[in-house]
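One structure below.
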Protein chains: 2
Amino acid sequence: MTITDAAARRLDDPAELADPADPGVCDAPPVCDAETSEARIVRDLLSRVGDKWSLLVIRMLHEHAMRFTELQRSIDGISHRMLTQTLRNLERDGLVSRTSYPEIPPRVEYAATDLGRSLALPVLGLVEWASANHASITNARDAFDAARD
Amino acid sequence: MTITDAAARRLDDPAELADPADPGVCDAPPVCDAETSEARIVRDLLSRVGDKWSLLVIRMLHEHAMRFTELQRSIDGISHRMLTQTLRNLERDGLVSRTSYPEIPPRVEYAATDLGRSLALPVLGLVEWASANHASITNARDAFDAARD
DNA sequence: CTGTATCCGACTAGATACTG
DNA sequence: CAGTATCTAGTCGGATACAG
């Protein structure tokens with residue numbers, strides 16, 4: 001869903017979003033066309049921020065700007081490599097800004113852009129839903145597991 | 001992010017959500033505790049519906065109940081195997097209901113549950129954000145790529 | 001401190017073939 | 001039609017080492 005090492009080095013493949021198998025036409029009946037483009041948008045968004053760390057980084061930076069190591073300490077479990085990669089891609093998508101101060105030792109500050117902060121709002125909707133329905137899902141899951149003996 | 005074949009067969013590992021490396025305490029200062037539990041909820045939700053197909057299935061079933069093959073034809077590019085697996089997990093989480101009619105040939109109808117339909121609302125928020133800001137992201141990306149020569 | 005490169009195990013998901 | 005099992009290439013992401 002996210003990024004390959006190769007793509008990260010090249011900062012993603014420009015042709016990534018084009019589905020080579022998609023004929024561009026649709027023979028199934030109704031919702032298809034709207035659904036197809038909408039589906040691409042959803043998948044596209046999820047490809048960007050639906051990975052393991054992006055939303056967490058955005059939420060951290062939503063409060064205030066932070067330095068690299070500060071972020072790494074705040075986000076439990078993220079590796080050095082993944083933080084770099086996540087930040088680089090968020091920066092590339094205009095969701096996060098990077099400011100480097102040419103000092104010794106080097107200092108780099110990351111902050112959410114307006115775009116990044118606007119993304120936090122709909123994300124909060126999801127978070128609320130998750131909080132409210134977490135128990136329901138767990139219960140459904142337990143019931144399902146119990147039912148299959 | 002989603003499910004392993006092994007987990008799909010066993011329908012997921014009950015211990016999946018416990019992070020074995022998480023000591024349960026936190027030595028970084030402020031937002032940590034709230035952020036840690038919130039982070040788990042976000043990641044948890046994304047693990048369930050943030051995969052390649054779940055949201056698309058939920059959106060299809062949000063309109064009306066559908067049969068297996070009907071779904072497969074409506075969702076462009078989904079494989080037989082992935083549709084089965086996605087439906088099974090959505091059913092397990094109580095987001096989708098499955099009704100089997102013992103006829104020949106067999107007929108099985110899938111429908112969104114109330115829980116599944118309630119999830120569609122916050123998801124719509126994300127879809128709208130994605131639609132509204134898709135161009136901004138693409139532009140930012142192009143500019144970033146152009147800037148690195 | 002910040003960033004990059006390499007290695008490598010683990011997981012994802014498509015293709016395919018087979019059952020009732 | 002609906003579902004399961006197996007094989008496999010491609011991808012994700014952690015550990016590690018190293019450079020500015």
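Since we're looking at a predicted model, the values are computed, not measured. Order of the sequence lines sets the chain letters (A, B, ...), proteins ahead of strands, with each chain counted from 1.
For A:Y110, there are no ring-ring contact (aromatic ring centres under 6.0 Å, His included) partners at least two apart in sequence or on another chain. Scored by the ring-ring contact (aromatic ring centres under 6.0 Å, His included) test, B:H62 finds no partners at all (sequence neighbours excluded).
For B:P106 against B:R67, the heavy-atom pair with the smallest separation is O-NH2, 3.5 Å.
D:dT6 atom P lies 16 Å from atom NE2 of B:H80, rounded to whole Å. The distance between atom CZ of A:R107 and atom P of C:dT2, rounded to the nearest whole Å, is 9 Å. Look at CG on A:L87: it is 11 Å from C1' on C:dT2, rounded to the nearest Å. Rounded to an integer number of Å, the gap from CE of B:M66 to P of D:dC1 is 14 Å. Atom-to-atom, CD of B:E109 to C1' of D:dA2 comes out at 13 Å; the value is rounded to the nearest Å. Atom CG of B:L83 and atom P of C:dA13 are 13 Å apart (whole Å). Remark: P of D:dT4 and CE of B:M82 are 13 Å apart, rounded to the nearest angstrom. One atom, OH of B:Y110, and another, P of D:dC1, lie 14 Å apart when rounded to the nearest Å.
The shortest side-chain heavy-atom distance between A:V123 and A:V49 does not fall under the 4.5 Å cut-off. The closest side-chain heavy-atom distance from A:L95 to A:I58 is below 4.5 Å.
Remark: A:T69 is in phosphate contact with C:dC1, judged by side-chain N or O atoms under 4.0 Å from OP1 or OP2. Regarding contacts with the backbone of D:dT4, every side-chain N or O of B:T84 stays at 4.0 angstrom or more from both OP1 and OP2. Look at A:R88 and you'll find a side-chain N or O under 4.0 angstrom from OP1 or OP2 of C:dT4.
Both B:S79 and A:R67 lie close to DNA chain C; mapped to their nearest nucleotides by heavy-atom distance, the more 5′-ward contact belongs to A:R67.
Among the nucleotides C:dG20, D:dG14, C:dT2, the one closest to any side-chain atom of B:P106 is C:dG20. Here the nucleotide nearest the side chain of A:R81, chosen from D:dG13, C:dC1, D:dT6, is D:dG13. Of the listed nucleotides (D:dG14, D:dA2, C:dA13), D:dG14 has the atom at the smallest distance from the side chain of A:W53.
Across all strands shown, A:Y101 has no heavy atoms under 4.0 Å from either base or sugar-phosphate atoms.
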